[in-house]
Amino acid sequence: MTSASQDLRRGAPGSLVRPDGAEVGISVFHDEGVYRAELEKIFAKCWLFLGHESQLRKPGDYISARMGEDEVVVTRNSAGELRAFLNSCRHRGAKVCRADQGNSRAFRCPYHGWTYDLDGNLIGVPRLKTAYLGELDRSSIKLVEVAKIDTAHGLIFASWDPAAPTLAEYLGDFMPYLDLLFGRAESGFEVIGGVHKWTIETNWKIPAENFSGDQYHLSSTHASSVEVGLRNRVTEYGHTIHVDEGHGFTREKGGAQQGTAAVTGYTEYVRKVQERIKRKNPELAEFVPVGVGTIFPNISFMDSMRFLTLRLWQPAGPHRVDVNSWCFVDSSLSDELKDAAMRQYVLSFGPSGMFEQDDGEIWTSISEATRGVVAQRHSFDYSMGLGHEMPVKERAGVALPGVMGEAFITEANQRSFYRRWRRLMMEQ
Ligand code: FES
Ligand code: FE
């Protein structure tokens, strides 16, 4: 598309996306005003991913996280419940927690020493008597708490919006796919190797939409990864599915097999998992591994059966994404196989992984090449397969929810992502 529809450059930020999601004004990836509106209308409203329960096993365990640009600390309190608070002291705003993770009974602000317990209560104020003259009502001061926090398959999500739907409602029709994704580990998954963090100079929506279902880029962007044997050739057969607008995934039949180097013992593990799922429901076995996807707005996953990675695209301005990436492994695996899975993750999707490097380079170039005033007068085309979407039940003949394209390679998921974005940005 050479020029943006004039309509896409007028009015509220939401109007920068065509109602069917098939055309997106380039300024949504650059405009400071659009970015500020996203923080309000998307990141202060939606359910956002914080981490995994395996990172907070015992009372007192905590992790640092971020919701939009708001830093939070997630704790497991003495009753074993999860809580999440703005990581900012109520006195002058300093960070009360400065570590990525740890275990503590309380958080003491390093500035003047106010201390908060695991439930965010202010339990200590230096010189309460001599300086405040006993007149500060400690009980009325608490760390700012998220409105809602909940988990699904051990994944911790929270929302700032008291009017938000429940997490189950928010995940909606994506839940059966999440069940498949995490159901392959009978005794659950665990995070290994901590959280990998790096920065990409691009807009958060670029990687989020890529993971939502961009099969189109594989044979071009990742051609060299195929050549060196890190990935099977693209088969052009699989499923590209979205649900409830905004959540989507794409999977090649049999799985993409990223990091295909044979690992003794792993082949046997994969065979056993597939057999178990087939016994339960042969129809669904074809959907394992689930593949690559995004839960709106900014948490994506990639499951190759060998490893499962979750990656969070944290917005840090219109041109910067702070990436957090986790490697999940089936907790029933031996230490040797867990190590092997970790190595494959690092090789392919870790910060210096081959696929990550391929993608990051392109995403950065998109932001560089389109940030000029002339480029921003134009729009991107997302029309691939438009009008050829149909229910999964009809197209694939399986009793699963959602919508898929007639062709495996389609931009139906990206359109769904931008329709959801548009709807939220239009809300008052
Ligand atoms: Fe935390 Fe003053 S800013 S005690
Ligand atoms: Fe890629």
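When a ligand or atom number is given, it counts from 1 through the structure's own listing order.
- Annotation: Tyr345 is in aromatic contact with His196 [ring centroid separation under 6.0 Å].
- Here His112 does not reach atom 1 (Fe) of ligand 1: none of its N/O/S atoms is less than 2.8 Å from the metal.
- Close approach of ligand 1 to Trp114 (heavy-atom distance below 4.0 Å) involves ligand atoms 4 (S).
- With hydrogens left out, the protein atom closest to atom 3 (S) of ligand 1 is Arg92 N, 3.3 Å, a heavy atom.
- In summary, no N, O or S atom of Cys109 is located under 2.8 Å from atom 2 (Fe) of ligand 1.
- Of the N and O atoms on the side chains of His217 and Asp359, at least one donor lies less than 3.5 Å from an acceptor on the other residue.
- Taking the N/O/S atoms of His91 in turn, the shortest distance to atom 2 (Fe) of ligand 1 belongs to ND1.
- Put simply, Asp359 gets within reach of the Fe ion (ligand 2), with an N, O or S atom under 2.8 Å from it.
- Between His52 and Phe328, the distance from one ring center to the other falls under 6.0 angstrom.
- Glu69 and Tyr35 form a side-chain donor-acceptor contact under 3.5 Å, judged by distance and modelled atom types alone.
- Taking every non-hydrogen atom of Gly113 and a distance limit under 4.0 Å, the qualifying atoms of ligand 1 come out as 4 (S).
- At a cut-off of 2.8 Å, Cys89 does not coordinate atom 2 (Fe) of ligand 1 through any N, O or S atom.
- To the nearest 10 degrees, the angle centred on the Fe ion (ligand 2) between NE2 in His217 and NE2 in His222 reads 90°.
- When ring centroids are compared, Phe349 and Phe355 come within the 6.0 Å threshold.
- Tyr269 and Arg184 form a side-chain donor-acceptor contact under 3.5 Å, judged by distance and modelled atom types alone.
- Cation-pi geometry between Arg420 and Tyr170 is met: under 6.0 angstrom from the ring centre, within 45 degrees of the axis.
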